[in-house]
Amino acid sequence: MKANTESILEVRDLVKHFPLTQGIVVKRQIGAIKAVDGVSFDLHRGETLGIVGESGCGKSTLAKLLMALERPTSGSVRIHGRDIATARGGELKRMRRNIQMVMQDPYTSLNPRMTVGDIVGEPFEIHTDVVPKGGRRRRVQELLEVVGLNPDHINRYPHQFSGGQRQRIGIARGLALQPEIIICDEPVSALDVSIQAQVMNLLERLQNEFNLAYIFIAHDLSVVRHISDRVAVMYLGKIVELGRDAEIYESPTHPYTQALLSAVPVPDPEGRETRQRIILQGDPPSPANPPSGCHFRTRCWKAQDICAEQTPALEARPGSDHPSACHFAEVRDVVNAQ
Amino acid sequence: MTEVLSEQVGRGSHGGALLEVDNLHVEFRTRAGVAKAVNGVTYSVDAGETLAVLGESGSGKSVTAQTIMGILDMPPGKITGGEIRFRGVDLLKLPEDQRRRIRGEGISMVFQDALSALNPVFPVGWQIAEMFRMHRGTSRAEAKKKAIELMDRVRIPAAKDRVNDFPHQFSGGMRQRIMIAMAIALDPEILIADEPTTALDVTVQAQIMGLLAELQRDSNMGLILITHDLGVVADVADKIAVMYGGRIVENAPVHDLYKNPAHPYSKGLLESIPRVDHKGQELYAIKGLPPNLLEMPTGCAFHPRCPYRRDNCVTDVPPLYTISGTRGSACHYWREVIDEGEH
Ligand SMILES: Nc1ncnc2c1ncn2[C@@H]1O[C@H](COP(=O)(O)OP(=O)(O)OP(=O)(O)O)[C@@H](O)[C@H]1O
Ligand SMILES: Nc1ncnc2c1ncn2[C@@H]1O[C@H](COP(=O)(O)OP(=O)(O)OP(=O)(O)O)[C@@H](O)[C@H]1O
Ligand code: SF4
Ligand code: SF4
Ligand SMILES: [Mg+2]
Ligand SMILES: [Mg+2]
């Protein structure tokens with residue numbers, strides 16, 4: 001993928017706090033779940049940015065903020081330099097058209113009472129100027145063909161398709177408005193290994209064909225490595241490390257990234273007896289009450305006093321070129337040095 | 001193992017492995033037709049050994065496990081053939097009261113979805129203690145003490161204080177540990193773990209797999225690990241049984257299978273996974289879809305998707321050919337597949 005450096009999406013200091021309330025009749029706010037807690041990054045035309053992190057770290061909330069499905073508590077999302085929060089009317093509609101989403105669960109994300117033709121063509125009902133009414137059926141059939149489905153199946157219902165085929169339907173719908181950006185939230189997690197490969201190859205082919213930029217969210221680090229140009233690692237609402245694929249996978253500097261990578265089982269039994277593992281103790285703390293300073297310090301084997309006092313900034317540190325949010329960032333290859 | 005059971009089930013003198021599933025057939029009779037979920041499954045596991053059962057969704061992994069445990073839904077399920085021998089005795093011929101004894105004490109199981117397998121209205125400690133009261137008639141106080149010991153053993157922090165907590169008060173990883181605690185409570189000889197980490201994050205998965213390995217080492221259990229994760233299998237398995245369309249299509253020691261698979265389906269699987277340790281080119285994708293159990297393809301069930309297919313594959317069901325004492329492949333052309341060389 002030859003991504004150029006023109007930023008089409010700029011995310012700055014994005015924050016989403018969900019109020020935590022108590023009481024049934026009179027609700028009092030007793031705190032906040034800091035689902036996304038100050039996230040910044042750029043997305044370039046035609047590139048794939050992978051986002052990884054454990055359950056609950058805020059990946060899906062981030063996706064919803066980018067799609068303007070949730071209002072940010074603060075911070076901004078800019079598409080081609082325009083803030084999506086302040087856009088109105090026709091401009092907002094055009095911005096929305098440019099960023100589409102493919103969801104995780106191919107079994108529940110499609111309306112079971114709509115035909116495939118209606119599902120894939122639904123965006124044309126909202127954005128009526130994209131394809132004239134008479135040409136829509138043909139356009140939907142073209143889209144089905146693009147994602148490798150039989151265009152004659154346009155009148156079938158979702159339950160008549162397998163999981164992998166349903167995910168293709170979701171992708172066809174995401175492509176309908178010819179967006180520049182597609183956000184994929186765990187697009188292959190629910191699929192079998194053999195079907196997962198089919199869908200990932202399809203996403204890569206479409207990217208080359210239409211110069212799409214992807215935000216690819218997944219908890220499977222092997223899948224993310226395969227498809228991403230750059231990768232952001234999230235922990236408790238923050239990006240803790242961000243870099244090109246080789247930087248993250250071969251020279252990670254943040255202890256959390258190192259632990260995450262070393263926990264991924266390698267599909268090769270050779271040398272398994274001598275493989276080194278960093279086994280993290282405990283679970284991630286609640287995002288309602290994250291630890292002071294570095295959020296990772298309660299599970300970090302390198303933590304010092306300063307980690308409780310000062311929040312480490314996401315910035316390049318001595319000995320490495322890519323940003324890492326650790327006071328003691330240092331390169332350690334955990335994947336290949338096993 | 002209690003005295004009674006040891007007598008009933010014989011004591012390892014039968015010459016075979018501890019647990020042997022032999023040519024098992026299970027079908028489901030539904031309104032849509034007869035779904036042949038298990039079509040002649042054969043595998044075995046010995047004390048201290050880890051067998052990984054690998055295969056796509058719907059290939060019959062869980063139905064085989066449920067049949068071993070004696071918890072298959074019947075009807076609609078029906079066992080139409082085969083034997084399941086534990087210490088040489090066919091469990092399928094034992095009366096229910098004896099099977100109930102073996103469940104938990106001889107063979108026990110950890111389910112995929114820990115939240116739905118635990119009862120939400122009882123404290124977790126009570127649920128673990130119930131295992132001792134039901135099977136051993138242990139007193140209430142003693143059973144609770146044992147429950148706390150077990151929670152400690154699976155590393156629930158502050159087990160003593162948490163013994164009265166309810167399932168929803170624990171994280172996914174902790175609930176899975178509690179399921180494991182229940183499964184090992186009565187010191188089973190065989191533990192079946194059905195996708196024990198599928199719903200969990202990698203860091204938690206690593207903790208749970210480490211725990212299982214340690215428990216197995218301490219008590220020399222036989223472990224049947226059902227999974228679709230080729231990474232987990234490479235990490236812990238001694239040997240592998242690959243399932244497709246309700247059959248074992250390949251069985252092999254772990255190193256042999258990864259180095260040189262002998263069935264086109266296993267080979268395709270190994271080639272279709274992305275890897276964390278290097279960035280690959282385009283992934284190999286097995287074309288097509290898994291078989292519909294209501295209309296199984298004729299001949300070899302894999303033939304509609306197979307790049308090695310010849311005419312006779314469409315008509316002749318391949319038997320599980322013996323490659324060596326420890327390896328088998330249900331492919332007419334396994335020699336060709338294996339000859340393509342080392343991985
Ligand atoms: N509408 C909401 N109201 C309150 N809390 C929410 C809401 N949506 C998400 N959260 C909380 O915000 C945090 C982040 O959730 P999110 O769904 O973004 O995580 P995720 O990284 O996508 O996790 P997963 O990998 O499990 O999908 C979680 O603690 C979640 O419980
Ligand atoms: N109670 C039931 N009634 C009818 N069909 C059933 C029943 N239980 C299982 N089946 C069918 O038997 C087949 C095998 O199912 P099984 O649960 O063993 O698959 P599996 O290999 O464990 O798959 P997965 O990886 O999705 O867990 C499936 O097609 C399933 O639909
Ligand atoms: S800042 Fe401190 S606690 Fe946080 S990751 Fe770095 S060493 Fe660990
Ligand atoms: S028997 Fe034929 S169709 Fe089946 S796996 Fe072997 S070559 Fe392929
Ligand atoms: Mg999510
Ligand atoms: Mg199953």
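Below, each value reflects all heavy atoms present in this structure, side chains not excepted, and no hydrogens, waters or symmetry copies.
Of the listed residues B:V254, B:I286, B:L283, B:I273, the one with more heavy-atom pairs under 4.5 angstrom with chain A than any other is B:L283.
Nearest heavy-atom pair across A:A263 and B:V202 is CB-O, 3.7 Å.
For A:I279, the part sitting under 4.5 Å from any heavy atom of chain B is the side chain, from C-beta outward, and nothing else.
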Listing needed: what donor-acceptor pairs below 3.5 Å join chain A with chain B?
{"unit_1": "A:E54", "atom_1": "OE2", "unit_2": "B:T203", "atom_2": "OG1", "d": "2.4"}
{"unit_1": "A:S55", "atom_1": "N", "unit_2": "B:D201", "atom_2": "OD1", "d": "3.1"}
{"unit_1": "A:S55", "atom_1": "N", "unit_2": "B:D201", "atom_2": "OD2", "d": "2.9"}
{"unit_1": "A:D192", "atom_1": "OD1", "unit_2": "B:S57", "atom_2": "N", "d": "3.1"}
{"unit_1": "A:D192", "atom_1": "OD2", "unit_2": "B:S57", "atom_2": "N", "d": "3.0"}
{"unit_1": "A:S194", "atom_1": "OG", "unit_2": "B:E56", "atom_2": "OE1", "d": "2.7"}
{"unit_1": "A:S194", "atom_1": "OG", "unit_2": "B:R305", "atom_2": "NH2", "d": "3.2"}
{"unit_1": "A:Q198", "atom_1": "NE2", "unit_2": "B:I286", "atom_2": "O", "d": "2.6"}
{"unit_1": "A:Q198", "atom_1": "NE2", "unit_2": "B:G288", "atom_2": "O", "d": "3.2"}
{"unit_1": "A:N201", "atom_1": "OD1", "unit_2": "B:L283", "atom_2": "N", "d": "3.2"}
{"unit_1": "A:N201", "atom_1": "ND2", "unit_2": "B:L283", "atom_2": "O", "d": "2.7"}
{"unit_1": "A:R225", "atom_1": "O", "unit_2": "B:K279", "atom_2": "NZ", "d": "2.8"}
{"unit_1": "A:R225", "atom_1": "NH1", "unit_2": "B:V276", "atom_2": "O", "d": "3.0"}
{"unit_1": "A:S228", "atom_1": "O", "unit_2": "B:K279", "atom_2": "NZ", "d": "2.5"}
{"unit_1": "A:E270", "atom_1": "OE2", "unit_2": "B:H255", "atom_2": "ND1", "d": "3.1"}
{"unit_1": "A:R272", "atom_1": "NH1", "unit_2": "B:A234", "atom_2": "O", "d": "2.9"}
{"unit_1": "A:R272", "atom_1": "NH1", "unit_2": "B:D235", "atom_2": "O", "d": "3.4"}
{"unit_1": "A:R272", "atom_1": "NH1", "unit_2": "B:A237", "atom_2": "O", "d": "2.9"}
{"unit_1": "A:R272", "atom_1": "NH2", "unit_2": "B:A237", "atom_2": "O", "d": "2.8"}
{"unit_1": "A:R275", "atom_1": "NH1", "unit_2": "B:D235", "atom_2": "OD1", "d": "3.2"}
{"unit_1": "A:R277", "atom_1": "NH1", "unit_2": "B:D235", "atom_2": "OD2", "d": "3.1"}
{"unit_1": "A:R277", "atom_1": "NH2", "unit_2": "B:D235", "atom_2": "OD1", "d": "3.4"}
{"unit_1": "A:R277", "atom_1": "NH2", "unit_2": "B:D235", "atom_2": "OD2", "d": "3.1"}
{"unit_1": "A:L280", "atom_1": "O", "unit_2": "B:Q207", "atom_2": "NE2", "d": "2.6"}
{"unit_1": "A:G282", "atom_1": "O", "unit_2": "B:Q207", "atom_2": "NE2", "d": "3.3"}
{"unit_1": "A:D283", "atom_1": "OD2", "unit_2": "B:S171", "atom_2": "OG", "d": "2.8"}

